[in-house]
Amino acid sequence: MFRLSFQPYQRRFKQALRTHHGLWSQRDGILLQLEDERGRMGKGEIAPLPWFGSETLEEALYFCRHLPARFSLHELEAISEALPACQFGFGSALESLSHRPAASENKEALLHSALLPTGKAALTAWPALWKRGYRTYKLKIGVSSLATEQDLCRTLLSELPPSAQLRLDANGGLDAQTAQQWLEICDGSRPTSDIEYLEQPLPVNQFEDMLRLSKQYTTPIALDESVATLPQLIHCYEKGWPGIFVIKPAISGYPQQLRQFCQTHAIDAVFSSVFETEIGRHACLQLAATLSTRAVGFGLDHWFAD
Ligand SMILES: O=C(O)CCC(=O)C1=CC=C[C@@H](O)[C@@H]1C(=O)O
Ligand SMILES: [Mg+2]
């Protein structure tokens, strides 16, 4: 049997993150601790991202508040699929309690990608991140006009050193025509271009259009919102998605199930943060270290006040 203690937290961003979903200025989450009958303790984090399809913070708090004072492993392993952030938080706490040390020594070998501020601020932000060792950057698009963002992207690519890689993330904010225009530019600048991939160009309900585009252009397309939870990821895999899968472990569901799927299916995965704290980040990077070779999207500490 287990007992739970938990604490909601808030982390304000230094500057609001502007994406096609809107403005996001504060990360709200829950830190939890499990204790078993042998006195072993395990820490976990619940970091919901409702606009990606996870539960809300309120739903996660309701779940935590309504667990009995002592509960069984069965109850821990039977959390609803409607609560993927809770599944991750309790699943990773269980792993840390039983000291399931995944290949954490690889964590240090991970390459990291830094999320740039949206718009022209990206041009002044990347040099300091370069000095800190980042060689992969992500730029949000699908927020301003196509012409404005394409000019910005061209300027950024002209400034970045040749060894840098750039990821473009539309958060589903393009339509088929503008996605095609972006892919023309991306393909047109290959092979010298540093554009690694175009992330979630179209809304989740346009899978077939993204599948068609993935066959028409060389630049890889990465699904993110479309594969936010493990059931969604499996669904897109079974529909034959040939491209990259962006995995946000903290909202994907049980880490055990995610590990199992990725170990048995050779998918091209990029592990990505949801701006969680060090507790959730540690659990996510333990997964990334053994399941992907691409830079991980956890270069976010510059988004928070020191
Ligand atoms: O993946 C990364 O490189 C950093 C994390 C990141 O970009 C995101 C985290 C959470 C919500 C989103 O706005 C955004 C994304 O779409 O990937
Ligand atoms: Mg994304």
Side-chain angles (χ1 to χ4, degrees), residues 4-33 43-66 82-90 92-93 112-122 124-126 128-129 132 134 137-144 167 169-173 199-200 204 224-225 228-229 246-253 270-285 288 296-306:
L4 169 69
S5 56
F6 66 94
Q7 181 64 41
Y9 72 81
Q10 296 181 338
R11 299 176 89 197
R12 280 201 73 73
F13 295 164
K14 262 193 299 201
Q15 62 186 72
L17 171 59
R18 181 182 298 278
T19 75
H20 181 69
H21 294 292
L23 269 181
W24 183 20
S25 53
Q26 177 169 292
R27 155 46 79 203
D28 296 304
I30 303 166
L31 297 180
L32 66 92
Q33 185 166 279
K43 291 186 180 202
E45 178 173 352
I46 301 172
L49 202 61
W51 58 95
F52 264 60
S54 88
E55 68 273 43
T56 62
L57 178 73
E58 293 68 26
E59 288 166 332
L61 284 169
Y62 182 93
F63 175 78
C64 293
R65 287 176 180 139
H66 289 78
L83 301 169
C86 286
Q87 288 183 333
F88 177 79
F90 282 90
S92 27
H112 282 260
S113 167
L115 178 63
L116 295 173
T118 306
K120 282 193 296 192
T124 49
W126 76 263
L129 293 163
R132 290 176 53 192
Y134 289 103
Y137 303 92
K138 181 151 91 166
L139 179 67
K140 292 292 180 186
I141 59 173
V143 176
S144 309
R167 295 166 173 178
D169 188 353
N171 289 104
E199 189 170 321
Q200 198 71 40
V204 171
D224 187 8
E225 286 84 341
T229 62
V246 176
I247 296 175
K248 291 178 166 49
I251 58 168
S252 177
V270 169
F271 281 75
S272 169
S273 168
V274 293
F275 291 85
E276 58 285 290
T277 72
E278 182 48 38
I279 289 177
R281 174 190 168 103
H282 176 76
C284 291
L285 294 184
V296 292
F298 284 77
L300 301 170
D301 49 5
H302 53 291
W303 281 86
F304 293 109
D306 298 326

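In this chain, numbering begins with 1 at the start of the sequence shown. Computation of the quantities below employed the complete heavy-atom set of this structure, encompassing side-chain atoms and omitting hydrogens, waters and symmetry-equivalent molecules.
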Where the side chain of R27 meets the backbone of V274, is there a donor-acceptor pair that is under 3.5 Å apart? yes
Kindly say whether K248 contributes a backbone atom to a donor-acceptor pair with the side chain of S252 at under 3.5 angstrom? no
Rounded to the nearest 0.5 Å, the CD atom of E278 sits from the CG atom of L31 at a distance of 11.5 Å
Main chain of G53, side chain of W51: is a donor-acceptor contact present, judged purely on distance under 3.5 Å? no
Are L129 and R132 close enough, and set up right, to give a side-chain contact (heavy atoms from CB on, under 4.5 Å), and what steps lead you there? CA-CA 5 Å; L129 293 163; R132 290 176 53 192; 4.0 Å; yes
Can you tell me if T118 uses its side chain to pair, donor with acceptor, with the backbone of R18 under 3.5 Å? yes
Heavy-atom closest contact (F63 atom, C86 atom, distance): CD2-SG, 4.1 Å
Could you go through W24 and L49, starting from their C-alpha distance and side-chain angles, then the distance that decides it, and tell me whether this counts as side-chain contact (heavy atoms from CB on, under 4.5 Å)? CA-CA 11 Å; W24 183 20; L49 202 61; 3.6 Å; yes
Taking the side chain as C-beta and beyond, is there a heavy-atom pair between P249 and F271 under 4.5 Å? yes
Which heavy atom of A283 sits nearest to which heavy atom of F88, and what is that distance? CB-CZ, 3.7 Å
Can you name the nearest heavy-atom pair linking R167 to S113, along with the distance? NH1-CB, 3.4 Å
Of all heavy-atom pairs linking Q26 and D28, the shortest is NE2-OD1, 2.8 Å
Could you state the interatomic distance from CZ (F298) to CD (E276), rounded to the nearest 0.5 Å? 5.0 Å
Any side-chain heavy atom of L61 within less than 4.5 Å of one from P8? yes
If you count heavy atoms of other groups shown closer than 6.0 angstrom to OH of Y9, is the number above 12? yes
When rounded to the nearest 0.5 Å, the distance separating CD of Q200 from CG of D224 is 6.0 Å
Looking at I30 and C64, what are the two nearest heavy atoms and their distance? CD1-SG, 4.4 Å
Residue pair Q87 / G253: nearest heavy atoms and the distance that separates them: OE1-CA, 3.3 Å
Quick check for you: to the nearest 0.5 Å, what is the distance between L300 atom CG and S272 atom OG? 7.5 Å
Give the ring-plane orientation class for Y62 versus H66, where under 30° counts as parallel, over 60° as perpendicular and anything between as tilted. parallel
Minimum side-chain heavy-atom gap P48-T56 below 4.5 Å: no
Would you check if the side chain of E55 reaches a backbone N or O of A85 as a donor-acceptor pair within less than 3.5 Å? yes
Take R281 and V296 through the side-chain contact (heavy atoms from CB on, under 4.5 Å) test and state the conclusion after the steps. CA-CA 11 Å; R281 174 190 168 103; V296 292; over 6 Å; no
Atom CH2 in W303, atom CD in Q15: separation rounded to 0.5 Å? 4.5 Å
Here the gap from N171 atom CG to L17 atom CG, rounded to the nearest 0.5 Å, amounts to 8.0 Å
Answer yes or no: is there a donor N or O on one side and an acceptor on the other, between the side chain of H282 and the main chain of T277, under 3.5 Å? no
Neighbour count above 12 (heavy atom, 6.0 Å) for R11 CZ: yes
